[in-house]
Number of protein chains: 2
Amino acid sequence: MDKQEYLQQLINAGEEEIELTPKQAKILEAAIEIFAEKGYAATSTSEIAKKAGVAEGTIFRHYKTKKELLISIVTPGIIKLTVPFFANQFVSEVFKEKSESYEQLLRKIIRNRFEFVQKNIPLLKIILQEMAFHEELKQSFQNIFIKKIFPKFDEAVTQFKKDGLIVDYPSSTIIRFTMTTIIGFIITRFLILPEAEWDDEEEIDRTIRMLMHGIQPDS
Amino acid sequence: MDKQEYLQQLINAGEEEIELTPKQAKILEAAIEIFAEKGYAATSTSEIAKKAGVAEGTIFRHYKTKKELLISIVTPGIIKLTVPFFANQFVSEVFKEKSESYEQLLRKIIRNRFEFVQKNIPLLKIILQEMAFHEELKQSFQNIFIKKIFPKFDEAVTQFKKDGLIVDYPSSTIIRFTMTTIIGFIITRFLILPEAEWDDEEEIDRTIRMLMHGIQPDS
DNA sequence: CTCCTAAATGAGTGATTACTCACTTATATA
DNA sequence: TATATAAGTGAGTAATCACTCATTTAGGAG
């Protein structure tokens, strides 16, 4: 899969098909790279055009404004990042085998998202940075979380609580703790200390064991 | 303590005394507010001047460049935010009473920083946002962490491991897990869902118990 | 009061910004 | 080949940017 095909499927986030011209793909590619490096507000359209090897006018042929370019990058990115966290098949798979533990579920989630993040670090940086300043982005992220992620997660947690497999705290607390642990690990791994030596398999394993049993010994 | 005195002691982070004129305090106050809201790059000096009720030239009398204004806000902020995490008195206090548990140490840390963050949310936002784009800020944060926070933390963790109070994983892993749990809670509490209803005492308590014993039941 | 110095001002500057538009080039269909 | 439509161009534009500087104001010492 070449770069353009890759962008194609990133931008067409499951919805309508949009054909990308080669120059359009170049623009997206350049914009993602520079937005991630310097931030949206500090990036000029002339810089994007230069890096993409196109005329500045070409950007505005495809995107009415600079902000529309940002949105067209980030919105599909949010969907691709969040929705597979609890894809339908994913959860039902876990529920089918009731014997499977919460630990198994977590291991699947973390491994599942690890690879995606690894391949989309610039995109992840843009999402984290720009959600803070653009209310629509924050809203669309919250909507996805509230409607698609949380209910599935809540269902799983409630079930596991009933089965006595996890502690009886409010689901929101357990979900928050679980997510900050996973997201905290991924952010540390790829954004804060990417150049450190990581034994990913070991670290994922220890992280999940700490999440399950805490940092007390003899669990 | 009025606002100017407050800024005074924020900016003079333990080092040399710098006298702030009233207008200078107004400038800092306005800059912190707008930088937090829109981001450094998207904020114009004319906007800061207007909000501060001063002429634009006044900003450049005190700060050579817009970036110098940012640095003079963020650098003392980083110090005030991070250093007390493991202030000298703080750790020695814990080590004196050897019977005290890791749990007690965590409870002190989290309560200690909770109040500071609550009072400095805009400052915290600026630090989180701008560290990503300004290498010097990232460096100064890393230096403080490596030289002042990590060694103390490592010392404590190593001691607790020896005493068999916490699990025998690498210190770096335990510290990372501990910090992402605390920071993740604080960021969720104040930045992601500040408008939700929080029972802070309960949530701190549950967070620490999950950190210690995990989410398995019957700990 | 006079003098001195630091603080404050705001009109002005060149550079850069996002965006436009008249025009050219490429592609597809018949 | 002829025609239509979409893609691409780049010079041009008004607005805004960070920053300067000659000048005025404020406050304290003698």
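Predicted model only: the values in this text are computed from it and were never measured. Each chain gets a letter, A, B and so on, in the order the sequences are listed, and its residues count up from 1.
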Just checking, is any N or O donor in the side chain of A:K67 or A:H134 under 3.5 Å from an acceptor N or O on the other one? yes
Bending between helix ends of the helix from C:dC1-D:dG30 to C:dA30-D:dT1 [5 pairs per end, 10° resolution]: 10°
Neighbours of DNA chain D within residues 129-138 of chain B, by heavy-atom distance under 4.0 Å: none
Tell me: NE2 of A:H62 to P of D:dA7, nearest whole Å? 6 Å
Between A:Y102 and A:F160, how do the two ring planes meet: parallel, tilted or perpendicular, split at 30° and 60°? perpendicular
Under the salt bridge (Lys or Arg N to Asp or Glu O under 4.0 Å) test, residues paired with A:K147 that sit two or more places apart: none
Check: protein-nucleotides 16-23 of chain D nitrogen or oxygen pairs below 3.5 Å:
from, atom 1, to, atom 2, distance (Å)
D:dA18, OP1, B:T43, O, 3.1
D:dA18, OP1, B:K66, NZ, 3.1
D:dA18, OP2, B:T45, N, 2.8
D:dA18, OP2, B:T45, OG1, 3.0
D:dC19, OP2, B:K66, N, 2.6

Listed by chain and number, what are the side-chain hydrogen bond (donor to acceptor under 3.5 Å, both in side chains) partners of B:E202, not counting sequence neighbours? B:R206
Please check if the number of heavy atoms outside B:E197 that lie under 6.0 Å from its CD is greater than 12. no
Rounded to whole angstrom units, what separation is found between the CD1 atom of B:I59 and the C1' atom of C:dA7? 14 Å
Should B:T58 be listed as having a side-chain N or O under 4.0 Å from OP1 or OP2 of C:dA7? no
Measure the distance from CG on A:L69 to C1' on C:dT17 and round it to the nearest whole Å. 15 Å
Taking only residues two or more places apart in sequence or in another chain, which ones pass side-chain hydrogen bond (donor to acceptor under 3.5 Å, both in side chains) with B:K138? none
Nearest whole angstrom, please: distance from the P of C:dT25 to the NZ of A:K23. 13 Å
Atom CD of B:Q24 and atom C1' of C:dA6 are separated, to the nearest Å, by 12 Å
Test the B:R111-B:F114 pair against the cation-pi criterion, namely NZ or CZ under 6.0 angstrom from the six-membered ring centroid and within 45° of the ring axis. no
With B:T180, the side chain to side chain contact (heavy atoms under 4.5 Å, CB included) member among A:T180, A:I187, A:T181, A:T188: A:T188
How many Å lie between CG on A:L20 and C1' on D:dA7, as a whole number? 14 Å
When you check the side-chain N and O atoms of A:S46 and A:E56, is any donor under 3.5 Å from an acceptor? no
Atom NZ of A:K50 and atom P of C:dT16: how far apart are they, to the nearest Å? 11 Å
Is the Lys NZ or Arg CZ of B:K148 less than 6.0 Å from the centre of B:F153's six-membered ring, within 45° of the axis? no
Considering residues, nucleotides and ligands other than A:K66, do more than 12 of their heavy atoms fall under 6.0 Å from its NZ? yes
Which part of the nucleic acid, if any, lies within reach of A:T21 when heavy atoms closer than 4.0 Å are counted: base, sugar-phosphate only, or nothing? sugar-phosphate
